[in-house]
Amino acid sequence: MLIMSDVYNPQEVEAKWQTKWQESGLYRQTVDKSKPKHYALTMLPYPSGDLHIGHWYAMTPSDARARFMRMKGYNVLFPMGFDAFGLPAENAAIKRNIHPKKWTFANIERMRGQLRSMGAMFDWEREAVSADPSYYKWTQWFFKKLLEYDLAYRKLSAVDFCPNCNTTLAREQVWGDDRHCERCGTPVIKKDLEQWFFKTTDYAEELLDFSTIDWPERVKVMQTNWIGRSTGANVTFHTEQGDPIEIFTTRPDTLWGATFMVLAPEHPLVDKITAVAQADAVLTYREAAKRLTDIDRETADREKTGVFTGAYAINPVNNARIPIWIADYVLMTYGSGAIMAVPAHDERDFAFATKFGLEIVEVIRQPGRSDEDGPLTEAFVSKTEGTMINSGAFDGTPASEGVATVTAWLEAQGMGEKAVNYRLRDWLISRQRYWGAPIPIVYCPEHGAVPVPDDQLPIMLPDDVEFMPTGESPLRFHEGFLHTTCPECGKPALRETDTMDTFMCSSWYQYRYLSPHDDEHPFDPEEGAYWLPVDQYTGGIEHATMHLIYTRFFTMAMRKMGLVDHSEPMLALYNQGMVLGEDGEKMSKSRGNVVAPDTLVAQYGADTVRTYLMFFAKWDQGGPWNYDGIKGPQRLVQDVWEMAQLAYMPKQVTDEANRALRRKTHQTIRKVTADFENFSFNTAIAAIMELRNAMQAARRSSDVAADVWAEAVDSLLLLLAPVAPHVTEELWAQRGHGYSVHQHSWPMWDEEVAKEESITLVVQINGKVRDRIDVPAGMSDEELKALALASERVVEWLNGRSPHKVIVVKGRLVNIVG
RNA sequence: GGGGCGGUGGCGAAAUGGCAGACGCAGCGGACUUAAAAUCCGCCGGGGUAACCCCCGUGUGGGUUCGACUCCCACCCGCCCUACCA
């Protein structure tokens, strides 16, 4: 064993223990049914090239929590891997002529080293890399399973397309308010393509149920909004010629106020119903709408546009003849792509009717409004206030009952039925990209889309490809890849050249960690039976409506496939905040405010960097980095180093000093334990600093016994072990304790020892502090009240009067109200 | 427009409805040093007072309460998400 110098040299200590940990397999994590399990998972990184401080901020507190759970007696699984497919690798290939595979795996190698420098307890034998064929074989297998269980389908669909790069883009590659291409800044447009989809909407209702998981309110709200459930009714209108037009409405009670209809420009009925006189105008409008970028179309405050088709529909409830318009504020992708327009009670319809001079008929009378008030100046949209008018037999029905009453009536009349709509769309997973898992489908002229048999998986990405400056996938031009035979008939057929969205890879990685080398299953069922589901997931909020919905969908689908028996992949979730630059802004190279962890580790050591990251703010909040602020944790680690090595010699030991230090020690254990449970790492470290301060005072006066000092030092090391794993390991060994401090059990506190002997009784008069009295702990309310009333200040203030009221807060405070 | 989160010393931040500012950084004064760094001791929200102490103070204005950073209502500011979803 190396002899450590007296001077704390973090590089020396950290290198020594990282090697020792690896050699001894300290962090191997295997099934052990004698212990309760705890699956701790932190979101896996994309191998962009360098581990940045954000990775450290996401991973080191997670690691500390996992270490804490381990010391608490759990058998902890804490794996790590790489989400290794994706666009940046391909961009690097195009820009710098490096193969995406080479670029990606070189980055992974580099980042593995950087990850090791954190000293986290990752079990590297469980590492999973999504771009590795042994991984994407199973991604492809899952695609087939989804198809088999009727959760995948192919359809023609409009996708985001960058006209400059001549390629489609993933949703996440469309940036900013103006929805521009990530690479060239060109606004995206829509393009119709045959695409593969997963039926996330099959689980829309179940995805809204968070009752079995402990997730942050914020995420639940975001997912709920994203799924966007609305209830109402489907109602069938007919054109004058008798063509049915189905619409969805959340306000069937306003049917009598429907004075026109609007179809989405792409609606299939438009061609059929458009009158000859309007044909040119309709065609022009439809062409213009097609060319519009999403941003143009989706900007809410944009003035309404539309054209009349020349056709009329009959309102089924009152047989009114109403015009049919097309307008791009009606989306083909929601509901049926057609609406009944009720301008009196819908803001959008009101704006449209006002602009085009369409009739506005009030059918819900706002309380306090009368005919004398003239025409409506804005839509009245309340669902709860008002009374139905101009609605035939329903006149007088309160608006609050209107929806239910009218829906029941519509059903009885056969005009419509109760309906639920979701904003959630099916998940489009096709990507016209090379660097992703190929979709395992072959197109046969005779048999159509045929899944590739299991024994031919994985469909390997060919290495010998040439990248187009346009970004077009080289798979489309790779003869060897493209040409194959139909699994059904053996005749020549073509491979699907699209690859899968990388979110597909990351939707099931928590399962792959269980047996990353398993060639028989996506994951070993025995490992799964023990470890699943994930107990604690941690990661950034930015995945709230993407990854975190996809992975929930995936687990629900896996339940349908009979692969798992749980419905939720992650039982608890915690979102960390973000480390900002010193200027309080998001870190970016162009701002020059990037904090590089490698430099920090070289200067301060990983233990200090970890401690600072966990100390400077509550974890879910984050905040600006501060190079001066790290000095606090640096001093803490240094002080621990010195105190743990000190040959402590007691001088004038007193019982009182012994009790005081033991009390502080046990109080600190209690506090740090609670704080770790609650992810309140900053206050845990503050408490450890308080203990340090108390120990330094005791050391100066040397008035505590040697065993009391030793208990304080050992407790300090154990409490700090999850935060600063290297230095505590070294000191633990130096103090002659066994290997490893990380296998030692978490310290216990003794309530009796931790109990305060005296309290400061706060005496208030009318809520203002007027006196403080030191009293022994455990006095009764009556005794405290008597003491407070006897206080000189109170006697003086009362001046012989008796107080109106005296409030005693047990063991804390007396408030005298006069 | 809708939703969410937040606003506390010079700075990062703490506070089950009960002493606001724990802990840390910076700063100031002192010790050590030829000197500096490091380290150690002390002070450290604002105002008043010789002092004991007093007054003010958690974005703003109200409210509930014996008592409000904390709960309720309205508003201002910042950040994030979402956005014509019928």
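First the proteins, then the strands, lettered A, B, ... as listed; each starts at 1. Because the structure is a prediction, the values reported are computed rather than measured.
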message = So that I can tick it off, tell me whether A:Arg692 and A:Asp639 are bridged by a salt bridge, with the cut-off set at under 4.0 angstrom between side-chain N and carboxylate O.
response = yes

message = Nearest heavy atom decides the nucleotide; on that basis, is A:Asp628 or A:Ile541 closer to the 5' end of RNA chain B?
response = A:Asp628

key: Option among A:Tyr612, A:Phe676, A:Phe615 that satisfies the ring-ring contact (aromatic ring centres under 6.0 Å, His included) test with A:Phe681   = A:Phe676

query = What does A:Arg770 touch in the nucleic acid at a heavy-atom separation under 4.0 angstrom: a base, only the sugar-phosphate, or nothing?
reply = sugar-phosphate

request  = Assign A:Phe616 to base, sugar-phosphate, or nothing according to its heavy-atom contacts below 4.0 angstrom with the strands shown.
outcome  = sugar-phosphate

key: Note: A:Arg286-A:Glu266 ion pair, threshold 4.0 Å (strictly below)   = no

ask   = Could you state the CG-C1' distance from A:Asn575 to B:rC80, rounded to the nearest angstrom?
value = 12 Å

query = Where does B:rG9 land, syn or anti, once you apply the within-90°-of-0 test for syn?
reply = syn

inquiry  = Please report the distance separating the P of B:rC56 from the corresponding atom of B:rG2, rounded so that it comes out in whole Å.
reply    = 39 Å

query = How close or far is atom C1' of B:rC80 from atom NE2 of A:His543, stated in whole angstroms?
reply = 15 Å

query = In whole angstroms, how far is the C1' atom of B:rC23 from the CG atom of A:Asp675?
reply = 12 Å

ask   = When rounded to the nearest Å, what value does the distance between P atoms of B:rA74 and B:rG67 take?
value = 23 Å

ask   = With a 6.0 Å cut-off on ring centres, are A:Phe616 and A:Tyr57 close enough?
value = yes

key: A:Ile816 CD1 to B:rC66 C1', straight-line distance once rounded to whole Å   = 11 Å

ask   = Is the NZ atom of A:Lys755 crowded by more than 12 outside heavy atoms at less than 6.0 Å?
value = no

ask   = So what does A:Gly577 touch, heavy atoms closer than 4.0 Å: a base, only the sugar-phosphate, or nothing?
value = nothing

query = Is the gap between the ring centers of A:Trp325 and A:Phe356 under 6.0 Å?
reply = yes

request  = Look at atom CD of A:Glu347 and say whether more than 12 heavy atoms of other residues, nucleotides or ligands are closer to it than 6.0 Å.
outcome  = no

What does the list of N/O pairs under 3.5 Å between the protein and nucleotides 18-22 of chain B look like, with a distance for each?
residue	atom	partner	partner atom	Å
B:rG18	N2	A:Gln764	OE1	3.4
B:rG18	N2	A:Asn815	ND2	3.4
B:rC19	O2	A:Arg772	NE	2.6
B:rC19	O2	A:Arg772	NH2	3.2
B:rA22	O2'	A:Glu690	OE2	3.1

I'd like a table of atom pairs between the protein and nucleotides 2-5 of chain B - only N or O on both sides, under 3.5 Å - with the distance next to each one.
none

ask   = Should the pair A:Glu217-A:Lys220 be classified as a salt bridge under the 4.0 Å nitrogen-to-oxygen rule?
value = yes

ask   = Expressed in whole Å, how much space separates the P atoms belonging to B:rA68 and B:rC77?
value = 28 Å

request  = Find the distance between OG1 (A:Thr60) and CG (A:Leu613) and round it off to the nearest 0.5 Å.
outcome  = 5.0 Å

query = Among B:rC84, B:rA83, B:rG12, which nucleotide sits nearest the side chain of A:Arg423?
reply = B:rA83

key: Euclidean distance for C1', B:rG63 against B:rC19 (whole angstrom)   = 25 Å

Contact list for RNA chain B against residues 337-344 of chain A - heavy-atom distance below 4.0 Å = A:Ile339

query = Looking just at side-chain N and O atoms, do A:Ser702 and A:Tyr648 make a donor-acceptor pair shorter than 3.5 Å?
reply = no

request  = Between B:rG46 and B:rC73, how far apart are the C1' atoms? Round to whole Å, please.
outcome  = 30 Å

ask   = Quick one: which of B:rA86, B:rA26, B:rC84 gets closest to the side chain of A:Tyr329?
value = B:rC84

Tabulate atom names and distances for all N/O pairs under 3.5 angstrom spanning the protein and nucleotides 37-41 of chain B.
residue	atom	partner	partner atom	Å
B:rU39	OP1	A:Arg635	NE	3.3
B:rC41	OP1	A:Arg700	NE	3.3
B:rC41	OP1	A:Arg700	NH1	2.5
B:rC41	OP1	A:Arg700	NH2	2.7

request  = Pull out every stem in RNA chain B, meaning runs of 3 or more consecutive Watson-Crick or G-U wobble pairs with both distances under 3.5 Å.
outcome  = B:1-7 with B:76-82, B:10-12 with B:23-25, B:27-31 with B:39-43, B:45-48 with B:53-56, B:59-63 with B:71-75

request  = With the side chain of A:Asn626 defined as its heavy atoms from C-beta on, choose the nearest nucleotide among B:rC84, B:rC25, B:rA86.
outcome  = B:rC25

message = From CG of A:Asn678 over to P of B:rU16, roughly how many Å is that when rounded to an integer?
response = 11 Å

message = Looking at A:Lys768, I'd like to know whether one of its side-chain N or O atoms comes within less than 4.0 Å of OP1 or OP2 on B:rC56.
response = yes

request  = Please work out if A:Arg229 contacts a base, only the sugar-phosphate, or nothing of the nucleic acid, heavy-atom cut-off 4.0 Å.
outcome  = nothing

ask   = Taking the C1' atom of each, how far is B:rU8 from B:rU60, in whole Å?
value = 15 Å

ask   = Between A:Lys671 (NZ) and B:rA14 (P), how many Å, whole number?
value = 10 Å

P spacing across the pair B:rG62 / B:rG57, given as an integer number of angstrom = 12 Å

Whichever of A:Asn766 and A:Ile685 has its nearest RNA chain B nucleotide further upstream toward 5' = A:Ile685

inquiry  = Between A:Thr259 (side chain only) and A:Glu359 (backbone N and O only), is there a donor and an acceptor less than 3.5 Å apart?
reply    = yes

key: Residues A:Asp781, A:Lys810: salt bridge by 4.0 Å N-O rule   = yes

query = With a 4.0 Å cut-off on heavy atoms, is A:Asn421 in touch with a base, just the backbone sugar-phosphate, or nothing at all?
reply = nothing

key: Whole angstrom value for the distance that separates P of B:rC11 from CG of A:Leu580   = 17 Å

query = To the nearest Å, how far apart are A:Ile549 CD1 and B:rU82 P?
reply = 11 Å

ask   = More than 12 heavy atoms of other residues, nucleotides or ligands under 6.0 Å from NZ of A:Lys418: is that the case?
value = no

inquiry  = Please tell me if A:Arg692 has a side-chain N or O lying less than 4.0 Å from either OP1 or OP2 of B:rG24.
reply    = yes

note = So salt bridge (charged side-chain N to carboxylate O under 4.0 Å, His left out) across residues 666-687 of chain A, not counting sequence neighbours, yields A:Lys72-A:Glu677, A:Arg670-A:Glu751, A:Lys671-A:Asp675

request  = State whether A:Tyr329 and A:Lys304 meet the cation-pi test: NZ (Lys) or CZ (Arg) under 6.0 Å from the six-membered ring centroid, and within 45° of the perpendicular axis.
outcome  = yes

request  = Give the ring-plane orientation class for A:Tyr550 versus A:Phe503, where under 30° counts as parallel, over 60° as perpendicular and anything between as tilted.
outcome  = tilted

ask   = Is the charged tip of A:Arg423 near the ring of A:Trp226: under 6.0 Å from the six-membered ring centre and within 45° of its axis?
value = yes

ask   = Got a second to check how far A:Asn575's CG is from A:Glu542's CD, nearest 0.5 Å?
value = 8.5 Å

message = In the structure I gave you, are the side-chain heavy atoms of A:Gln223 and A:Trp215 within less than 4.5 Å of one another anywhere?
response = yes

ask   = Looking only at atom P, what distance separates B:rC76 and B:rC25, rounded to whole Å?
value = 40 Å

